[in-house]
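Within every chain, numbering begins at 1; the chains are lettered A, B, ... in the order of the sequence lines, protein sequences first and strands thereafter.
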There are 2 protein chains.
Amino acid sequence: MFYTVGEAAKRLGVAPSTLRYYDKEGLLPFVERTDGGIRMFKQSDFEGLRLIECLKKTGMPLKDIKRFMDLCSVGDESISERLDMIDRQRERVLGQIEQLKENLQILDYKHWYYETAKSAGTCAVHATLTKEDIPQELRSARECLEGREAPRAVNQ
Amino acid sequence: MFYTVGEAAKRLGVAPSTLRYYDKEGLLPFVERTDGGIRMFKQSDFEGLRLIECLKKTGMPLKDIKRFMDLCSVGDESISERLDMIDRQRERVLGQIEQLKENLQILDYKHWYYETAKSAGTCAVHATLTKEDIPQELRSARECLEGREAPRAVNQ
DNA sequence: TATTGACTTAAAGTTAACTTTAAGTTGTAG
DNA sequence: CTACAACTTAAAGTTAACTTTAAGTCAATA
């Protein structure tokens with residue numbers, strides 16, 4: 001029925017010290033103790049822990065996660081503020097995915113660049129190539145690497 | 001023709017101290033200096049800087065980025081090792097995108113959860129709902145939060 | 001009941017990636 | 001030629017998120 005901190009940590013794939021640290025920081029107000037002071041993680045605690053994992057993996061700092069957990073503790077009056085936090089995090093994740101996709105394109109371009117250089121035996125081959133030699137779908141990434149900004153005037 | 005560290009930093013949207021730090025750590029072997037020791041960033045340096053930005057934003061640690069830059073410095077003999085690093089980073093980014101999408105589903109579920117609770121005025125409404133009340137596309141995220149793992153036996 | 005492995009806390013240590021500070025130098029504008 | 005803003009380095013400081021250590025307690029088993 002209950003898990004100790006070591007068992008819970010194993011189930012979650014984290015170090016026991018991490019869970020103790022989170023608890024100390026106030027992220028786990030829902031975890032109860034035995035009379036002797038031993039933490040007892042119950043089945044329902046893992047839902048909170050999985051949400052923490054989700055927020056953490058999407059880049060939310062621990063102090064904001066604590067803020068969310070504090071809101072959970074105050075009850076129904078904080079529902080819309082919790083909803084706001086979730087919505088803002090959703091927006092951030094959508095942005096992160098977009099940014100990763102852009103960076104993936106740059107990596108795709110670099111993959112092509114080094115594949116081509118590898119075949120030729122030298123990076124110098126790229127001096128002999130024109131824009132048309134670059135695969136269509138990699139051209140925008142190439143331009144991004146070159147720098148989209150208008151080159152600023154010299155002494156200005 | 002050339003940018004100082006402050007101008008380059010502004011163009012890249014980072015602090016000048018960040019560029020000096022990267023230089024000190026060996027990430028910018030391509031940046032030349034005036035006789036007086038002032039860094040001169042040329043147009044072509046920004047391509048290297050943008051790649052560093054890309055690697056950093058996809059989570060590569062600075063020491064690995066330095067490794068990549070060191071490989072660039074040795075010339076053509078390191079082409080296939082550079083290709084390997086790029087390919088490994090591509091794999092990592094694909095994994096990151098997948099993970100963000102999974103976590104986004106959990107946030108989507110939580111969005112629905114709090115929207116529903118907000119309408120009802122209480123989170124208690126969820127006790128009255130059955131699986132069928134959860135929108136189809138959010139059910140798997142819900143199960144993820146509940147914990148997929150088989151509940152382990154009590155005293156074991 | 002004694003042992004033992006896992007638990008407890010508080011405090012100090014670690015790591016990455018910067019940022020700040022201090023003391024001094026460079027180079028452009030007046 | 002002097003001011004002065006922006007540059008230089010080395011070293012120390014910061015922050016987040018843990019991890020480790022030390023000293024002690026709990027509770028299940030022999």
### Message
Taking only side-chain N and O atoms of A/Arg20, does any of them lie within less than 4.0 angstrom of OP1 or OP2 on C/dT8?
### Response
yes

### Query
B/Arg33 CZ to D/dT9 C1': how many Å, rounded?
9 Å

### Summary
Among the nucleotides C/dT19, D/dC7, D/dC18, whichever has the atom closest to the side chain of A/Thr18 is D/dC18

### Message
Can you measure B/Glu53 atom CD to C/dA17 atom C1' for me and round it to whole angstrom units?
### Response
16 Å

### Task
Please report, rounded to the nearest Å, how far the P atom of D/dC18 is from the CD atom of A/Glu25.
10 Å

### Message
What is the separation between atom CZ on B/Phe2 and atom P on C/dG27, rounded to the nearest whole Å?
### Response
14 Å

### Task
Indicate, with a heavy-atom threshold strictly under 4.0 Å, whether A/Pro16 touches base, sugar-phosphate, or nothing.
nothing

### Message
Just the rounded figure in Å: distance from C1' of C/dT25 to CG of B/Asp35.
### Response
14 Å

### Message
If you compare every side-chain N and O of B/Arg39 against the phosphate oxygens of D/dT9 (OP1, OP2), does one of them come in below 4.0 Å?
### Response
yes

#### Entry: Salt bridge present between A/Arg142 and A/Glu146 (N-O < 4.0 angstrom)
yes

### Message
With a cut-off of less than 4.0 Å, is there a side-chain N or O of B/Tyr22 near OP1 or OP2 of C/dC18?
### Response
yes

### Message
In whole Å, I'd like the distance from the CE atom of A/Met60 to the P atom of D/dA16.
### Response
15 Å

### Query
Do B/Arg33 and B/Asp23 meet the salt-bridge criterion of a basic N to acidic O distance under 4.0 Å?
yes

### Of A/Lys24 and A/Ile38, the one whose closest DNA chain C nucleotide lies more 5'
A/Ile38

## Note on the structure
Side-chain contact check for B/Ser17: nearest option of D/dC26, D/dT19, C/dT19 is C/dT19

### Task
Write down the distance between CG (B/Leu27) and C1' (C/dA17), rounded to a whole number of angstrom.
11 Å

### Message
If you compare all heavy atoms of A/Ile86 against all heavy atoms of B/His111, which two are closest, and at what distance to 0.1 Å?
### Response
CG2-N, 3.8 Å

### Task
Look at B/Thr34 and C/dG27 and indicate whether a side-chain polar atom (N or O) is within less than 4.0 Å of OP1 or OP2.
yes

### Query
Is the NZ or CZ atom of B/Lys110 positioned over B/Tyr113's six-membered ring, under 6.0 angstrom from the centre and within 45° of the axis?
yes

### Task
Give the rounded distance in Å between these two atoms: OH of A/Tyr21 and C1' of C/dT14.
13 Å

### Query
OP1 or OP2 of D/dC7 sitting under 4.0 Å from any side-chain N/O of B/Thr4?
yes

### Task
Tell me which nucleotide among C/dT9, D/dC18, C/dC7 gets nearest to the side chain of A/Leu62.
D/dC18

### Salt-bridge criterion met for A/Arg67 and A/Asp64 (N-O under 4.0 Å)
no

